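For reference, the structure discussed in these notes is given below.
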Amino acid sequence: MATAEQQQNESVEKNEGQSRHQEVGHKSLLQSDALYQYILETSVYPREPESMKELREITARHPWNIMTTSADGGQFLNLLLKLIGARKTIEIGVFTGYSLLATALALPDDGKILAMDINRENFEIGLPVMEKAGVAHKVDFREGPGLPLLDQLLEDEKNLGSFDFAFVDADKDNYINYHKRLIELVKVGGVIGYDNTLWNGSVVAPPDAPMRKYVRYYRDFVLELNKALAADPRIEICQLPVGDGITLCRRII
Ligand code: SAM
Ligand code: CA
């Protein structure tokens with residue numbers, strides 16, 4: 001006798017013209033913008049802390065607002081950090097601080113986030129919101145490019161294997177270089193999250209597809225990163241279709 005799954009597959013195959021995304025139970029990216037909106041309105045916005053909502057609204061008025069972490073991404077980070085009991089984290093790529101605030105709210109009162117960005121001005125837009133929320137004391141902001149800052153950390157043996165979590169959301173052409181360093185800074189059992197690993201969906205676009213210039217420029221770096229992470233024996237990975245794709249890496253050796 002055919003299983004329910006086989007019967008379902010057969011009925012889908014018979015239904016000509018129906019895409020894989022329309023199959024009931026097909027586990028893949030969201031089917032529509034309406035479904036994404038449903039998630040935001042049902043599960044994200046009603047539970048978004050007031051401070052995150054305020055920062056999201058301030059950031060929406062910024063000319064580079066497209067760079068901000070989405071509200072569902074922020075909610076995911078916040079819950080993940082609580083699940084793993086993170087106390088000490090790194091963030092590379094702060095912008096106005098939405099993911100940083102999501103992190104700061106999740107950490108215990110004596111938790112610490114080493115946050116790096118080449119641009120202090122944008123961080124200072126979000127800082128008053130973090131102060132009002134009573135979490136700014138957890139943030140140690142360093143202005144400058146991430147790589148030399150990480151190299152500086154690596155020079156002190158105390159820092160090796162001392163971080164519970166790292167979130168990378170900066171220059172995509174350096175993710176591989178961040179990985180080389182972060183794998184030594186995060187403890188065994190700790191987690192590194194790489195953001196934008198589906199890169200606007202361009203990872204599956206044909207090379208001649210129309211793409212914004214910056215999407216095309218960074219696409220190959222993201223493709224290389226995804227291959228390198230999948231082949232790295234030092235980590236377990238899971239690539240999640242949250243936001244623009246977040247790949248979680250758990251250090252195992
Ligand atoms: N996580 C942020 C949020 O939740 O709003 C968004 C980060 S935004 C996509 C990328 C940030 O990376 C920008 O603020 C940019 O200034 C920063 N950036 C670019 N190159 C960098 C580098 N080499 N080192 C550190 N930060 C860098
Ligand atoms: Ca991002």
Side-chain angles (χ1 to χ4, degrees), residues 44 48-49 51-81 89-107 113-130 133 135 139-154 165-182 185 192-203 212 214-215 217-219 221-222 225-226 239-248:
V44 180
E48 188 181 31
S51 55
M52 287 177 65
K53 179 169 188 278
E54 187 184 348
L55 184 51
R56 184 162 56 78
E57 287 170 355
I58 292 170
T59 305
R61 298 195 287 272
H62 194 289
W64 307 338
N65 58 18
I66 193 166
M67 294 215 296
T68 189
T69 296
S70 58
D72 54 322
Q75 185 185 54
F76 170 71
L77 266 184
N78 181 273
L79 187 60
L80 173 71
L81 289 158
T89 80
I90 294 178
E91 176 165 306
I92 310 173
V94 171
F95 186 42
T96 61
Y98 191 78
S99 55
L100 184 59
L101 178 57
T103 305
L105 289 170
L107 264 48
I113 311 154
L114 200 51
M116 311 166 186
D117 202 298
I118 48 174
N119 183 320
R120 177 183 287 274
E121 243 172 74
N122 288 325
F123 163 69
E124 282 176 354
I125 293 175
L127 185 57
V129 181
M130 289 181 233
V135 293
V139 178
D140 177 2
F141 180 81
R142 311 271 175 98
E143 185 180 6
L147 283 179
L149 286 166
L150 293 183
D151 282 337
Q152 226 174 308
L153 287 179
L154 285 165
F165 180 78
F167 185 59
V168 183
D169 192 12
D171 41 339
K172 316 298 167 207
D173 42 347
N174 267 319
Y175 273 28
I176 293 253
N177 297 321
Y178 290 132
H179 186 63
K180 282 186 191 139
R181 290 152 175 85
L182 289 171
L185 291 166
I192 310 169
Y194 291 101
D195 199 34
N196 303 95
T197 59
L198 295 173
W199 200 229
N200 291 245
S202 70
V203 287
R212 288 197 189 139
Y214 79 94
V215 174
Y217 176 75
Y218 290 111
R219 179 174 177 267
F221 292 102
V222 176
L225 172 84
N226 289 338
Q239 187 168 26
L240 297 161
V242 174
D244 190 26
I246 301 177
T247 302
L248 294 184

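What's counted below: heavy atoms across the whole structure, side chains too, no hydrogens, waters or symmetry copies. Start at 1 and go down the list; that is how both ligands and their atoms are numbered. Quick caveat: nothing in here was measured; it's all calculated off a predicted structure.
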Checklist entry - Distance only, no hydrogens: is a donor on one side chain within 3.5 Å (strictly under) of an acceptor on the other, for Asp72 and Ser70? => result yes

Checklist entry - Counting heavy atoms not belonging to Glu121, are there more than 12 under 6.0 Å from its CD? => result no

Checklist entry - Who pairs with Phe165 by ring pair (Phe, Tyr, Trp, His ring centres under 6.0 Å), at least two apart in sequence or on another chain? => result none

Checklist entry - For the residue pair Leu182 and Ile90, what are the closest heavy atoms and their distance? => result CD2-CD1, 3.9 Å

Taking a 3.5 Å cut-off between nitrogen or oxygen atoms, can you list every pair linking ligand 1 to the protein, with distances?
{"from": "ligand 1", "atom 1": "1 (N)", "to": "Gly93", "atom 2": "O", "distance (Å)": "2.9"}
{"from": "ligand 1", "atom 1": "1 (N)", "to": "Ser99", "atom 2": "OG", "distance (Å)": "2.9"}
{"from": "ligand 1", "atom 1": "1 (N)", "to": "Asp169", "atom 2": "OD2", "distance (Å)": "2.9"}
{"from": "ligand 1", "atom 1": "4 (O)", "to": "Thr69", "atom 2": "N", "distance (Å)": "3.4"}
{"from": "ligand 1", "atom 1": "4 (O)", "to": "Thr69", "atom 2": "OG1", "distance (Å)": "2.6"}
{"from": "ligand 1", "atom 1": "4 (O)", "to": "Ser99", "atom 2": "N", "distance (Å)": "3.0"}
{"from": "ligand 1", "atom 1": "4 (O)", "to": "Ser99", "atom 2": "OG", "distance (Å)": "3.0"}
{"from": "ligand 1", "atom 1": "14 (O)", "to": "Phe95", "atom 2": "N", "distance (Å)": "3.3"}
{"from": "ligand 1", "atom 1": "14 (O)", "to": "Asp117", "atom 2": "OD1", "distance (Å)": "3.4"}
{"from": "ligand 1", "atom 1": "14 (O)", "to": "Asp117", "atom 2": "OD2", "distance (Å)": "2.7"}
{"from": "ligand 1", "atom 1": "16 (O)", "to": "Asp117", "atom 2": "OD1", "distance (Å)": "2.6"}
{"from": "ligand 1", "atom 1": "23 (N)", "to": "Asp171", "atom 2": "OD1", "distance (Å)": "3.4"}
{"from": "ligand 1", "atom 1": "23 (N)", "to": "Asp171", "atom 2": "OD2", "distance (Å)": "3.1"}
{"from": "ligand 1", "atom 1": "24 (N)", "to": "Gly146", "atom 2": "N", "distance (Å)": "2.9"}

Next on the checklist: Which label fits Phe95 and Trp64: parallel for a plane angle under 30°, tilted from 30 to 60°, or perpendicular past 60°?
Outcome noted: parallel

Checklist entry - Strictly by modelled atom types, are Tyr218 and Asp171 linked by a side-chain donor-acceptor pair under 3.5 Å? => result no

Checklist entry - Quick one: how many protein N/O/S atoms are under 3.0 Å away from the Ca ion (ligand 2)? => result 4

Checklist outcome for this item: d(Arg142 CZ, Glu91 CD) to nearest 0.5 Å is 14.0 Å

Checklist entry - Can Thr96 and Thr59 be counted as having a side-chain donor-acceptor contact under 3.5 angstrom? => result yes

Checklist entry - Can you name the residues that form a ring pair (Phe, Tyr, Trp, His ring centres under 6.0 Å) with Phe141, not counting sequence neighbours? => result Phe123

